[in-house]
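Worksheet: the structure to be examined is printed underneath.
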Amino acid sequence: MAYLINCPHCGQRTTDEFYIKGDASKQRPGTIGDDTMNQWHDYVHIRDNVRGRTAEHWHHTGGCRQWLVVERDTVSHEVYAVAPASSRTPGKTSATPARKSAARKTPARNTTSRKTARGEKK
Amino acid sequence: MTSFRFDTGGLIDRSSVIDFSFDGKKMQGHSGDTLASALLANGQLLMGRSFKYHRPRSVITAGAAEPNALMEIGEGGRLEPNTRATMQELYDGLVAKSQNRWPTLERDFGAINSIASSFFVAGFYYKTFMWPKRFWEAIYEPIIRRAAGLGHLSHENDPDRYEKAYAHCDVLVVGSGPAGLMAAMAAARSGASVIMADEHATCGGSLLREREEIASQPGHEWAAETLAQLAGMDNVTIMARTTVIGAYDQCVFGALERVQKHTALPDHDVPVEKLWRIMAKACVMATGAEERPIVFGGNDRPGVMTASAMRAYANQFGVAAGRTACVFTSSDSGYRTALDMRSCGVHVEAIIDARANAPDIETHGVPVLTGAVVTNVDGGKHGMKGIEIDRGRGHENIPCQSLAMSGGWSPVVHLACQRGARPSWDEDLHCFMPPQSDPAIIASGSANAIWSLTGCLTDGARRGEQAARQAGCRTMKTPVPKARDEASHGSEAVWWVKQSTGKPFVDYQNDVTARDLPLAAREGYDHIELAKRYTTSGMATDQGKLGNVNAIGILADATGKGIEEIGTTTFRPFYTPVSFGALGGQHVGEHFRPVRMSPLHNWAADLGAEFVETGLWYRSSWFPEKGDDWLAAMTREVLNTRANVGICDVSTLGKIEIKGSDATEFINRLYSNAFAMLPVGKARYGLMLREDGFVGDDGTTSRLSENHYFMTTTTGHAAESMRDIEFAHQALWPELDVQYASVSDQWAQMAIAGPRARDVLAKIVDIDISNEAFGFLAARQIKVLGSIPAMLFRISFSGELAYELAVPAGHGEAVANAIMHAGEPFGIGPYGLEALSAMRIEKGFVTHNEINGRVTAGDVGLGKMLSKKKDYIGRMMSEREGLVDADREQLVGVRPLNPDLRFRAGCHLVNPGDVASLETDQGYVSSVAFSPMLESWVGLAMLKRGRERHGDKIVLWDGLREVQIEAEVCDPVFYDPAQEKAHG
Ligand SMILES: [Zn+2]
C-alpha cells in the first residue's frame with residue numbers, strides 16, 4: 001500500500017495516520033422504490049476485490065479528521081487522487097456552493113478527539 | 001592458528017590498544033578493527049560452528065553478507081546473538097562468544113552430525129519428522145528446538161533505549177564507495193538536499209579496501225577528502241553506521257542507524273539504535289557488488305574466503321588468514337588479490353584459474369594454472385594445510401594456509417527489487433542486473449555491474465545528476481577525477497566443481513551442499529521458491545546473499561533450464577536483520593501504549609480505589625474498606641447507593657458537541673428513534689444502528705439550546721461513533737449545516753445516584769432541582785459552587801433518582817470533593833465500575849456486552865425505538881427478513897435456582913435434558929453480576945424466542961469450566977420493574 005498520502009488539508013502524511021473504511025464507489029440508496037432492498041444489500045455487503053484502480057473512503061484520523069476519497073492502484077500502489085469526501089459524493093459530482101460552505105465550517109482540527117480516536121483503535 | 005597481523009600497513013591505528021574477550025579469552029586489537037579482523041590478528045581463525053553439521057568455520061567475507069562468523073555480543077540484557085563479526089566494530093571491553101557449539105568451540109559434540117551427514121540431506125526435516133505422529137511433541141520438537149537457532153537470547157530486559165526517527169531529503173545515496181561519493185557530490189552540487197548512508201563505521205566503501213589511486217593519491221585519502229568536502233556542505237547529511245534496510249512505496253526508505261553499538265556502556269541519554277524512515281524524492285543505489293564464492297569441496301574450511309575479503313583484510317586491517325595463499329578464480333579479481341597479498345609479504349603459491357585462457361595480467365612470478373579447479377581443501381579447526389586441485393591429469397596437492405576464491409560478482413540489487421520488481425540475468429556479465437522499473441531508484445557503480453574504478457566514478461557523477469533532476473533540481477555537470485584502474489574485470493561462471501572430493505557448500509549458514517539442489521529438483525521441488533524451502537538454501541539471517549546466485553546456477557544446470565527461467569527468490573525487506581529493540585522503539589514497558597486517566601482519577605485514587613484497565617482507560621473499579629474484596633466492596637457500594645446516595649466517575653463516556661442550523665435534522669438521521677421534537681432542556685436516550693441494520697451504539701443526547709446538542713456515547717465506542725458521525729456528515733450529507741467536536745476529554749462527568757441525590761446536589765447548584773422544576777430527563781447548563789460552569793442531566797443508569805453532572809475537566813476533582821463533603825450528612829459514598837455494572841444489570845440496561853454487533857434493536861427489547869417515519873443510518877437493512885425473524889435470540893434475565901451458584905458471561909443456554917451441542921444451543925449469557933438487592937447471582941442473556949419463555953427452566957452450560965447450573969428465565973429487569981425510583 002502507498003506509504004504517503006497527500007491530504008488536501010494537511011499535505012503529505014504517512015498512511016499510519018489514516019483509517020480506511022473501504023469502497024467509495026457506491027452511493028447510499030434511498031428508501032423509496034421497488035428495488036431499494038437489493039440496492040441496499042449491494043451498498044452494504046457487495047464488494048469487488050479490485051486488482052487495479054480503486055476509490056476508497058479514508059479518514060485522516062491522526063490529522064484533520066476529514067473523510068477523503070483516495071483513488072489508488074492496488075497493484076502498483078500509485079495514488080492517483082485524494083479529495084475531500086464532501087466534494088465527491090458519488091452521483092453528485094459537482095460540489096454546490098452550499099455544500100462547500102458546509103464543509104468549510106467543519107472544525108478542521110481537533111486534537112482531543114484525535115487522541116480519543118487513536119487511543120481506542122484496538 | 002595461522003592468521004596474523006602484518007607489521008605495517010592498513011587503516012588501523014597500531015598505537016591504540018583495545019581490550020576485548022572471545023569465549024573468555026582476553027585479546028587485544030586496534031582502533032579501526034572489526035571484531036573479525038581483530039580475531040584474525042590474534043590468531044583466532046576458528047570463529048564458529050555451522051548450523052547442521054557443526055563444521056568449524058571462519059570468516060568468508062569482510063562485510064554484511066557474512067554467513068559464518070556470527071557471535072553473541074555483550075552480556076546480560078545487552079546480549080545480542082547472531083551479530084556478524086565482520087560488521088561489529090571493536091571496542092574496549094567487548095565481550096564476544098561463539099555460537100552453536102557445545103561444550104566449547106574447540107570440542108563440539110554436534111560435529112558428529114557431520115559423520116551422519118547422509119542423514120541430513122535436502123528435505124531432511126520434511127522426511128524425518130513426519131511420522132509417527134505421536135513422536136512429534138515428545139521427541140522431535142524438543143530435539144529440533146535444541147538444535148535450531150543460532151545463539152541465545154538473554155532473558156533479561158534490555159537496559160538500552162531505542163528510537164524511531166524521520167528524515168526528508170531530495171536524494172538518498174546508499175553506499176559511499178566511489179560511485180556513492182561521486183553521486184552525493186553531483187547531487188549536492190546541483191542543490192539537492194542529500195543524505196548519504198553507509199553501513200560501515202567509516203565511509204569510503206571499496207576505496208578503503210583496495211589499492212587504487214584517484215587523482216594521484218591513494219583511494220582512501222581521496223575518499224576522506226571528498227567526505228570532508230561533503231560534510232562541509234549545508235545540504236548534505238552523512239550517516240555512517242546506517243544500513244538502508246528497505247525500500248517502500250513512494251521513495252520511502254527504512255534505515256537502521258547503530259548509534260552506540262560500538263561502546264560497552266552506552267550513554268543512556270542517547271539511543272543505541274535508531275530506526276529511520278527516510279522520505280526521499282530519488283535514490284542512488286550505490287550498494288556495490290557481492291563477490292560470489294565458488295562451490296567446490298571444502299570451500300567452507302577456515303582459511304578459505306572470497307578474494308575481495310582477503311584483500312580487504314590485508315589492505316584495510318593489515319591481517320591475513322595465513323602466511324601462504326592460493327587463489328582459485330574464474331574472474332580477474334583473483335589476480336588482484338594475488339598481487340596485493342604478494343606485496344604484503346604473503347607467499348602466493350599459485351593462481352588456479354578455472355578458465356581455459358588466462359587474462360593478460362602480469363603476475364610477478366606467481367604461477368597461473370589455467371583450466372584448473374580446486375576439488376578439496378585439507379584443513380579443519382586449526383587452519384588449512386593445503387588444497388587438492390585437478391587440471392585434467394588427476395588430483396594434485398598444493399600446500400598453503402589460505403585460499404582466496406572468486407566466482408565473479410553479483411550487484412547488490414535488493415533495494416531495487418523489494419517492491420516486487422525482479423532482477424534480470426545478463427548472459428554477458430554473468431550477473432543479475434537491477435530492474436529499472438522505478439525511475440526514482442537509480443543503480444550506480446558496481447551495483448549497476450560497472451566494474452572499473454573510472455567507470456564507477458563517472459557513473460556515480462552522472463547518476464547523482466540524474467537523481468537531482470528526478471528530484472526537481474537543475475543539475476550541474478560535476479567533473480570526474482582521473483583514476484588509475486586495476487586489472488580488467490572479466491569473469492566466467494563456474495557454478496559447481498563437480499569433481500569435488502570434499503563437501504561443496506552453496507549456502508554456508510544452512511549447510512546446503514551442491515548435491516542437495518539437484519536432489520530437490522529430482523524430488524519435484526524444482527521451482528526456486530520451493531527449492532529454497534526444501535533445501536533451506538537462502539534462508540536464515542543472511543538470506544542467501546552469498547549463495548543464492550550459485551544455487552540458481554546449479555538448479556538451472558540440474559533442470560536444463562536457463563538461469564533467467566529459474567529466476568530469483570523474492571527480495572523482501574530487511575536487507576540485514578533488525579533488532580526487535582529498534583522495531584519496538586520507545587514503545588516498551590509502561591510506554592507500550594498510552595494510558596488514559598479520567599480527570600477524576602486522583603480523586604478516586606485518594607479514596608483508595610482499585611482501578612481496572614478498560615481499553616486505554618484506567619477506571620475506578622471498587623473502593624475497598626478495611627481490606628474487603630471486590631465482592632464485599634461492590635455489595636456495600638450498591639446497598640449504600642440504593643439506600644442513601646453514591647457518586648461515580650463516568651468521565652470516560654464519549655462526549656460530542658453538535659451545533660448548527662441543521663443539527664436537529666442531522667441527529668435525527670443518526671439515531672433510530674425520533675429526535676426532531678426533543679424540547680430544549682431535555683435529554684433523550686438514543687439508539688444508533690449501523691448501516692447493516694444491527695445496533696451500533698447507544699447513549700443520551702441533550703438539547704441545550706435550539707441548535708446546540710450534547711451527545712454521549714459509550715466509553716468503548718467513543719472513537720468509532722465520532723468517526724461515524726464525521727462520515728455521515730462529510731461523505732453522506734455534506735449539505736447539512738452542522739459542526740461537531742469530540743469533547744470527551746474536556747469534561748469531568750460524575751453520576752450522583754440514590755434517594756438522597758437531590759438533597760446533596762441542591763447544596764451546590766444554582767438552580768431549583770425539585771422534581772417539578774427539573775424532572776426526569778431534564779438537561780441544563782448551570783453553575784455549581786457559585787461560578788463553575790456545568791451541565792446537569794437527570795438521567796439514571798442505576799434505576800435510582802440520579803443525575804449526571806459535567807464540569808470542565810480541571811474542576812472535576814474540586815467539584816467531586818465538594819459533593820462528597822455536601823453528601824456527608826446523607827451518607828454519600830463513592831461507587832465504582834463493579835457497582836455500576838451490578839446496578840445496570842439489576843435494571844436490565846444493555847451495554848456493549850449485549851450490543852455486540854450481532855443484535856438488533858428488537859433483540860434487546862428496543863424494537864419500538866426504530867422509527868417508521870424517517871430515514872436514518874441502518875433503517876432499511878434493519879427491516880431485512882433475517883433481522884426481524886421471530887426465532888432470533890432475545891434479551892432475557894436468568895436466575896440460578898440456587899442463588900449462591902456463580903456463573904459466568906459466555907455460558908451457553910440449553911434446554912433441560914438436552915446435551916449441549918450446536919443444534920441444541922438456545923443462546924448465551926452476556927452479562928453476570930451478583931445482585932446485592934436480590935442476594936443472588938443474576939445474568940442477562942440472549943435466548944431464542946426469549947420474551948415468550950419467561951418462567952421456563954434453562955441450563956447454564958459452561959463447557960470451559962465444566963459447569964451446568966439450573967436457572968429460571970425471567971424478565972431482564974430484576975429490580976424496580978415499575979421504574980418508580982428514577983422518576984421520583
Ligand atoms: Zn488531513
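Order of the sequence lines fixes the chain letters, A, B, ..., with proteins taken first and strands second; residue numbering starts at 1 for each chain. Predicted model only: the values in this text are computed from it and were never measured. Note: hydrogens, waters and symmetry copies are ignored here, and every other heavy atom, side chains too, is used.
- Interface residue A:H45: only side-chain heavy atoms are found under 4.5 Å from chain B.
- Every residue meeting the side chain to side chain contact (heavy atoms under 4.5 Å, CB included) condition with B:D885, not counting sequence neighbours, appears here in chain and number order: B:D887, B:R888.
- No other option in A:H77, A:Q12, A:R28 has as many heavy-atom pairs under 4.5 Å with chain B as A:R28.
- Judged purely by atom type and a 3.5 angstrom limit, B:S193 has no side-chain atom pairing as donor or acceptor with the backbone of B:C169.
- With respect to the salt-bridge test (charged N to carboxylate O, under 4.0 angstrom), the residues B:R596 and B:D745 qualify.
- Between chain A and the options B:I656, B:D662, B:D871, the largest number of non-hydrogen pairs under 4.5 Å is found for B:D871.
- Between A:E56 and the choices A:R72, A:K26, A:K21, the salt bridge (charged side-chain N to carboxylate O under 4.0 Å, His left out) rule is met once, by A:R72.
- For a residue to count as touching a neighbouring chain, one of its non-hydrogen atoms must lie under 4.5 Å from one of that chain's; by this rule A:T15 does not touch chain B.
- Looking only at heavy-atom pairs under 4.5 Å with chain A, the residue among B:F727, B:W733, B:Y248 that has the most is B:F727.
- Interface remark: B:R880 contributes backbone and side-chain atoms alike to the contact with chain A (heavy atom separation under 4.5 Å).
- Residues meeting the side chain to side chain contact (heavy atoms under 4.5 Å, CB included) test with B:A674, sequence neighbours left out: none.
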